[in-house]
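Per chain, numbering begins at 1; letters A, B, ... match sequence-line order.
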Amino acid sequence: MLKLIQDTLISQVVTLWTVFRHLFVKTDTVEYPDEQPYMFPRWRGRIILSRDPDGEERCVACNLCAVACPVDCIALQKAEKDDGRWYPEFFRINFSRCIMCGFCEEACPTHAIQLTPDFEMAEYKRQDMVWEKQDLLIDGTGKYHDYNFYRVAGMSIKDKDKGEALNEAKPIDVRSLMP
Amino acid sequence: MTLEIGSALTIGLILGTVIGVAAMLIWVERRLLGFWQDRLGPNRVGPFGLFQVVADMIKIFTKEDWTPPFADKFSFVLAPAIIMTVILLSFAVVPFAPNLGIVDSNIGVLFVLAMASLGAYSVMLGGLSSDNKYALLGSLRAAAQMVSYEVFMGISLLGVVALSGSFNLREIVLAQEDMWYVLPQFVGFVIFLIAGVAESHRLPFDIPEAEQEICAGYHTEYSGMKFGMFFVGEYLGLVLISSLITVLFFGGWYGPAFLPPVFWFAIKAFAFIAFFILLRAAIPRPRYDQLMSYGWLFLLPLSLINLLVTGAIILNSQ
Ligand code: SF4
Ligand code: SF4
């Protein structure tokens, strides 16, 4: 009998009281857009293309990001400068398909493509969700301030191959790294 | 025209206030539920979101009012009208203040109970005429629930009637000048409260319309203003039950003299409305068979015992 009262009556009253007390608990709601939520620095949001510390664009048009992308929303075309360096002639991301997974960022060997904490990307027209290179390219280095791909990987110029200059290590044969 | 019982001004005032309050409850309920769930609730339209009601009204009036081709037209249209009508009619006998009321009826309690029984037709007809399996299930549940909870809703009131010696709601209030009936009739109060929740099919006893089980139950096929009438009818029922509890057990308009009587009535009634909303926020819905056996095996005997004991005490003290 006591158990019955405990289960039916007391527990209901306790429930009611517990819920009632929440009238005086601060609400969890963040009143966006009046109030901006804190966005974590590693939040995966709007994608940018960054430049290296010398101000050159980092992307070498290797297409790794486009291959890694699970929804195939990156399109780019390789072009070549006079010194043989590759760069993207156009670089297009269709944000209406992008799922902000960050695979492109992980695939990129040059840290060119990066995801940022910005998520406010709503548009009225679907076509406006397709961003071109001039929309994506920023002037800064993004999350990696000192990284310059060519300083690390070396570069072959006229009469000199990779790793042949003074103080330069020979490039590693990546195939020898196989387990 | 003066404010006296039954004058046209009083009737208009009460009708307007009651419907206005029922409409405002849309906002009140959502905000209170929000706070109890650590949210804010609607606060965008107007100050504190007060105009949310207006927005909801505009929405519901401009929605397509669709009658399904397979429905039985006549009763389909009739059903939502019934619930509004009977509940508004019930307010006729509620005494809001010493000089505020519509009729001073000798059979007030019986009238309210009769209207509540008629209200069952609304949900039954609504579900039956929709010709939809969810609606049918909902109306079956509604019929069973309302019929069985009406029984001890009535019986739980008999203690109050016996104590005050009158079926007139106004005299019941007058009889509580010294002591509210919630003290001598506490069991009756609890039973009436539970039966009231079941009668107005509010959560946790919203089994006829249990969204998670049977869509929206008896009003699955309703849209536009017909749905709106069921919706407002539910809130009107909430106001009615709260007013009745105030009148029958909490001394109606009585209270310390620094506020006019009608304010005391409003405060008490609102406290119960808030309590009903709290019930919704806190307590999960029982199973259908649990509801029925709880009613017949527990509440009915309890209300009978309550009536017996009350009767014995009254007889003994004479
Ligand atoms: S975040 Fe994912 S979906 Fe978006 S572009 Fe990069 S790889 Fe594709
Ligand atoms: S963004 Fe990175 S991964 Fe994509 S093409 Fe350019 S360098 Fe390659």
Side-chain angles (χ1 to χ4, degrees), chain A residues 1-46 95-102 115-129 131, chain B residues 28-49 52 186-187 189-191 193-194 197-198 202-205 270-287 289-302 305-306:
Chain A
M1 188 66 199
L2 261 178
K3 174 118 179 29
L4 187 76
I5 292 177
Q6 161 76 30
D7 285 354
T8 53
L9 200 67
I10 313 260
S11 82
Q12 309 294 329
V13 173
V14 170
T15 311
L16 285 174
W17 175 241
T18 315
V19 174
F20 180 76
R21 269 191 337 208
H22 274 260
L23 201 56
F24 309 105
V25 171
K26 197 181 168 307
T27 53
D28 292 330
T29 313
V30 178
E31 284 188 87
Y32 177 83
D34 297 346
E35 219 180 288
Q36 291 291 334
Y38 174 69
M39 299 305 293
F40 295 93
R42 293 196 196 177
W43 182 270
R44 299 197 305 261
R46 177 169 61 85
F95 278 113
S96 68
R97 275 159 71 185
C98 174
I99 55 173
M100 307 294 173
C101 63
L115 277 73
T116 62
D118 180 18
F119 61 94
E120 295 167 310
M121 305 177 62
E123 296 286 351
Y124 285 104
K125 285 210 282 312
R126 185 161 290 217
Q127 193 56 38
D128 292 346
M129 303 283 284
W131 288 38
Chain B
V28 170
E29 168 155 43
R30 287 173 62 190
R31 287 233 66 171
L32 275 181
L33 279 180
F35 285 130
W36 277 319
Q37 295 165 351
D38 292 352
R39 299 182 286 115
L40 284 173
N43 65 348
R44 292 278 130 179
V45 200
F48 305 107
Q52 183 69 38
F186 187 73
V187 180
F189 159 65
V190 172
I191 296 171
L193 189 78
I194 295 173
V197 181
R202 295 266 317 163
L203 277 122
F205 292 157
F270 183 76
F272 284 104
I273 291 174
F275 179 74
F276 281 122
I277 296 173
L278 177 62
L279 276 181
R280 171 173 184 177
I283 299 199
R285 179 188 306 130
R287 235 168 38 217
D289 59 320
Q290 287 172 333
L291 178 89
M292 294 308 275
S293 53
Y294 180 61
W296 287 109
L297 300 180
F298 182 68
L299 288 181
L300 179 66
L302 196 65
I305 293 171
N306 178 46

(Q) Restricting to non-hydrogen atoms, name the atom on R39(B) and the atom on T27(A) that form the minimum distance, rounded to 0.1 Å. (A)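 For R39(B) and T27(A), the tightest heavy-atom pair comes out as O-CG2, 2.9 Å.
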(Q) So which atom in T15(A) and which in A282(B) form the shortest heavy-atom distance, rounded to 0.1 Å? (A)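 Of all heavy-atom pairs spanning T15(A) and A282(B), the closest is CG2-O, 3.5 Å.
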**Q.** Heavy-atom contacts under 4.5 Å, residues 28-38 of chain A to chain B
**A.**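 D28(A), T29(A), E31(A), D34(A) fall under the 4.5 Å cut-off.
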Q. Hey, is CZ on F186(B) packed in by over 12 heavy atoms from elsewhere, all under 6.0 Å?
A.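 No, not enclosed.
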Q. Would you find more than 12 non-hydrogen atoms of other residues, nucleotides or ligands less than 6.0 Å from Q127(A) atom CD?
A.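 Incorrect, the count does not exceed 12.
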Q.
Using heavy-atom distances under 4.5 Å, tell me whether Y294(B) contacts chain A through its side chain, its backbone, both, or neither.
A.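 Neither part; nothing is under 4.5 Å.
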Q.
If I take atom NE2 from residue H22(A) and atom CG from residue L278(B), how far apart are they, to the nearest 0.5 angstrom?
A.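 One gets 11.5 Å once the value is rounded to the nearest 0.5 Å.
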Q | Option in F275(B), W36(B), F35(B) with maximal non-hydrogen atom pairs under 4.5 Å from chain A | A |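 If we count pairs closer than 4.5 Å to chain A, W36(B) comes out on top.
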